[in-house]
Q: 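Quick one: structure below, then a few questions.
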Amino acid sequence: MSEIPQELEELFQQLNPEQRAAACHDTGPLLIIAGAGTGKTTTLSHRVAYLISQGIDPSRILLLTFSRRAANEMIRRVDNLLRALGAGRERSVAEARSRSIWGGTFHSTAARLLRRYGQAIGLPDDFTIIDRSDSEDLMSSIRSELELGNNGKKFPRKGTLLEIYSRCVNTCSKLEPILEQHYPWCLEHVDDLKKLFQAFVDRKEKQNILDYDDLLIFWHALAADPAGGKLLRGQFEAVLVDEYQDTNVLQSGILKNLSPEGEGLTVVGDDAQSIYSFRAATVRNILDFPQAYPGTTIVTLEENYRSTQPILQATNQIIDEAHERYEKNLWSSKLTGEAPFIVDCSDNNEQADFVVQQVLEHREAGIPLQKQAVLFRASNHSLPLEVELARRNIAYHKYGGLKFIETAHVKDLMAYLRLAENPRDAVSGLRVLTLLPGIGQKKAQQLLNVLAESQFRFDVWSEFKPPAATVEHWPLFVRLMNNLASPQSEKKGISAEVHQVRTFYAPILDQQYDNASARQRDLEQLEQVASRFSSRMSFLEEITLDPPSSTQDVATGSDKADDDFLVLSTIHSSKGLEWDAVYVLQAADGSIPSEMSLESEEEIDEERRLFYVALTRAKNWLYVCFPHRQYFQNRRWNQAHSYAQLTRFVSSKTLSLFQRRPAFNAEDLDTPQEAQIETTAEDIRKNLRNMWTA
DNA sequence: GTCACAGAAATTTTT
DNA sequence: TTTCTGTGAC
């Protein structure tokens, strides 16, 4: 460990010895095992500040995080540290320095690097990026072109097709073993799948588009290329990776190429919180890091600053029952506190009632809604609660699930812009053309062929004789596309472009969708959002790589923080966050663990870690709700409900660390059920008579 | 060729 | 509740 400069000394006082060791480690490979709530962000930002103080140029630091939000938060903290370091005399200098840090997700960094250096491996720098549902659409349209699955046997749906493809490329493995292991029912289609995936790759190349997977694949290729790798290694002196337990083989391969010996490489993570294997993340990356980089220094952070000791005891017990992991035992100096609750509810309606009541009680006692969160395994688990919150007029933000950007009308609008940016993008072309009444798959394809033959100049479309249904729209449409594609358009600003599209698209939207006015308002919001961007390319890129995570974020803008609201979030989206009070919904087998993930030991272990992540978000109050009755919307079962088991992750040993309580005490109850038991036949008759009197 | 409607089937987590 | 396929009208 090098000597800490005098000016930094004071700042590093607040770190505990392990955090300090990690922050001030020299440049050899470093693995920080940071348990939940152990000050990971603090440690990482101090480390960045330390590296800069040791003379590393900030523009040669790469900080990879799981979300844009996390990267910004980290850089803000580095800012503060550097400011203190500069003791005010070079405040602006400090800010300018930390701004030049390369921070972001793997995907957004890939996009940036590939635009700059991609030519080294023959990649054009003007590619556009498509999101998951665009990839699905492309997959689906190629499938129908190749006429696959028309032979009577049912072919996998588009989402599954993309999942299979994605898993193969992200794990760098062949199709057959992936099918055998994860999609055995698709084995009969193996040849068709190969044909389809080949065409998928060709098509993306022809259209000059990259999907999420391509960003990583091409970054990996660039880093592995002798010339390209040299460029990248020359660019970065230090690489720091957050949430390392959720990276996949491609991502660890990228790091290996950026720093073959691990020089300047820092990874931070917690194997107990690895929850993204469905996205091909592998916990092996973090478990095997010391073998991959001989001479690795391992620092384990075990002091938890978040939760009370009673909550930690319960969560420690849950994770202790998992299989393979780095040994660690989290402890807290917050010794006193309420033990966590298992709350017995009769069904998910009572669960919703309980949560609302408890949330309000805590608010009365001084914990604002924003410091409370409701977490759940699947987006739809929160629906009854959302109904209840709406009924009681309680504001909430929901994270995860369907995103603003994935709604049809937003995708429509973005497609016009994407087509203007990249006329070879046939996914967008098909989408905007088929929006016009009277134009379907066939005519749209012909029009796109004509466009391709004329060097992608939209004015060829003015010669097209539109079907009667769309004569009014057509000249306006051609003019719109010509306008957007003209070089002058961009000078007027991206929000002016959104406005143009919106004007053209409004009547189509009215015809196509119900609740059109709500959708129109969304698009107005989008126009507002667009004004923050300097170019169409950056707008499209940011929106696809880092979409606003909740509809309300777009609606209110991030600056309007004065309204209090309750947080509803999928467990996956709650990663890295914390709240005073946490409510976990549906802690019943089948929901947690999800019945979709019971095939193998590994899957179940991941569900356990997911449960662990949910519980470790809590600082002072933790309520694990267990609705006894489970409803099925499935028509295959005759009965409408069945009785659930408490999640298997609460063993009898674990249970003893919880307080068990009913959602409502019998004496508080004022339900019809309760009333019936208490009433005599006499009372019932009286009620029946009273019903008819005014 | 396009569109609208009907019926069947499947239904997690996300950069 | 959404997504896919088949059918028949225009």
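Naming convention: chains lettered A, B, ... in sequence-line order (proteins, then strands); numbering from 1 in each chain.
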Q: Can A:Phe278 be classed as stacking with the base of B:dT13, given a centroid separation cut-off of 5.5 Å and a plane angle cut-off of 30°?
A: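 It does: the ring sits over the base of B:dT13.
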Q: What is the distance from CG of A:Asn380 to P of B:dA10, rounded to the nearest Å?
A: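 The answer, rounded to whole Å, is 18 Å.
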Q: If I take atom CH2 in residue A:Trp185 and atom C1' in nucleotide B:dA10, what distance separates them, rounded to the nearest angstrom?
A: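 The answer, rounded to whole Å, is 12 Å.
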Q: Starting from P on B:dT12, measure out to CD on A:Glu606 and report it in whole angstrom.
A: 15 Å
Q: Whole Å only: how far is the CD atom of A:Glu406 from the P atom of B:dT12?
A: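 Result: 13 Å.
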Q: State which of B:dA10, B:dG1, B:dT12 makes the closest approach to the side chain of A:Arg157.
A: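 Within the option list, the nearest is B:dA10.
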Q: For the side chain of A:Ala378, counting heavy atoms from C-beta on, which of B:dT14, B:dT2, B:dT13 is nearest?
A: B:dT13
Q: Rounded to whole angstroms, how far apart are CD1 on A:Ile130 and C1' on B:dT14?
A: 16 Å
Q: Is it possible for you to check whether A:Arg519 lies under 6.0 Å from the centre of the six-membered ring of A:Tyr513, through NZ or CZ, and within 45° of that ring's axis?
A: yes
Q: Name the closest nucleotide to the A:Arg143 side chain, picking from C:dC4, B:dT12, B:dT14.
A: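 The answer is C:dC4.
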Q: So, A:Ser574 side chain and A:Ile571 main chain: donor-acceptor pair closer than 3.5 Å or not?
A: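 Such a contact is found between A:Ser574 side chain and A:Ile571 backbone.
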Q: What is the distance from CG of A:Leu162 to C1' of B:dT14, rounded to the nearest Å?
A: 12 Å
Q: Between A:Ser573 and A:Thr570, is there a donor-acceptor pair closer than 3.5 Å when you use the side chain of the first and the backbone of the second?
A: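 Pair absent, no side-chain N/O of A:Ser573 close to backbone of A:Thr570.
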Q: Return the nearest nucleotide to the side chain of A:Arg279; candidates are B:dT14, C:dC4, B:dG1.
A: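 Between B:dT14, C:dC4, B:dG1, the one nearest the side chain of A:Arg279 would be B:dT14.
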Q: Rounded to the Å, how far apart are A:Arg132 CZ and B:dT12 C1'?
A: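 Interatomic distance, CZ of A:Arg132 to C1' of B:dT12: 11 Å.
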Q: Counting the atoms with a prime plus P, OP1 and OP2 as sugar-phosphate, which does A:Ile571 contact under 4.0 Å by heavy atoms, base, sugar-phosphate, or nothing?
A: nothing
Q: Mind checking ring-ring contact (aromatic ring centres under 6.0 Å, His included) for A:Phe477 and listing every partner two or more places apart, or none if nothing turns up?
A: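 If we apply the ring-ring contact (aromatic ring centres under 6.0 Å, His included) test to A:Phe477, skipping adjacent residues, the hits are A:Trp461, A:Trp474, A:Phe504.
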Q: From the options B:dA10, B:dT12, B:dT14, select the nucleotide whose nearest atom is closest to the side chain of A:Met596.
A: B:dT12
Q: Given B:dT15, C:dC4, B:dG1, which nucleotide is nearest the side-chain atoms of A:Lys443?
A: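 The nucleotide sitting nearest to the side chain is B:dG1.
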Q: I want to verify a distance call: between B:dT13, B:dA10, B:dT12, whose nearest atom is closest to the A:Ser379 side chain?
A: B:dT13
Q: Under 4.0 Å between a side-chain N or O of A:Thr570 and OP1 or OP2 of B:dT14?
A: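 So the side chain of A:Thr570 is within the cut-off, an N or O lying under 4.0 Å from OP1 or OP2 of B:dT14.
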Q: Does B:dT15 have OP1 or OP2 sitting under 4.0 Å from an N or O in the side chain of A:Thr544?
A: no
Q: Nearest heavy atom decides the nucleotide; on that basis, is A:Asp213 or A:Thr434 closer to the 5' end of DNA chain B?
A: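 So the residue in question is A:Thr434.
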Q: Mind checking if A:Phe106 touches a base, just sugar-phosphate, or nothing, with heavy atoms under 4.0 Å?
A: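 Counting heavy atoms under 4.0 Å across all strands, no contact is made by A:Phe106.
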Q: Please report, rounded to the nearest Å, how far the P atom of B:dT14 is from the CZ atom of A:Arg69.
A: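 After rounding, the reported distance stands at 13 Å.
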Q: If you assign each of A:Glu607 and A:Phe66 to its closest nucleotide in DNA chain B, which residue comes earlier from the 5' end?
A: A:Glu607
Q: Under the side chain to side chain contact (heavy atoms under 4.5 Å, CB included) test, which residues partner A:Leu598, sequence neighbours left out?
A: A:Pro593, A:Glu595, A:Ile604, A:Arg648
Q: Does NZ or CZ of A:Arg617 come closer than 6.0 Å to the centre of the six-membered ring of A:Trp579, within 45° of the ring's axis?
A: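 Verdict for A:Trp579: no cation-pi partner in A:Arg617.
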Q: Between B:dC3, B:dT12, B:dT14, which one does the side chain of A:Pro437 approach most closely?
A: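 That would be B:dC3.
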Q: Looking only at the side chain of A:Thr105 (C-beta and beyond, no hydrogens), which of the listed nucleotides B:dT15, B:dT12, B:dT14 gets closest?
A: B:dT15
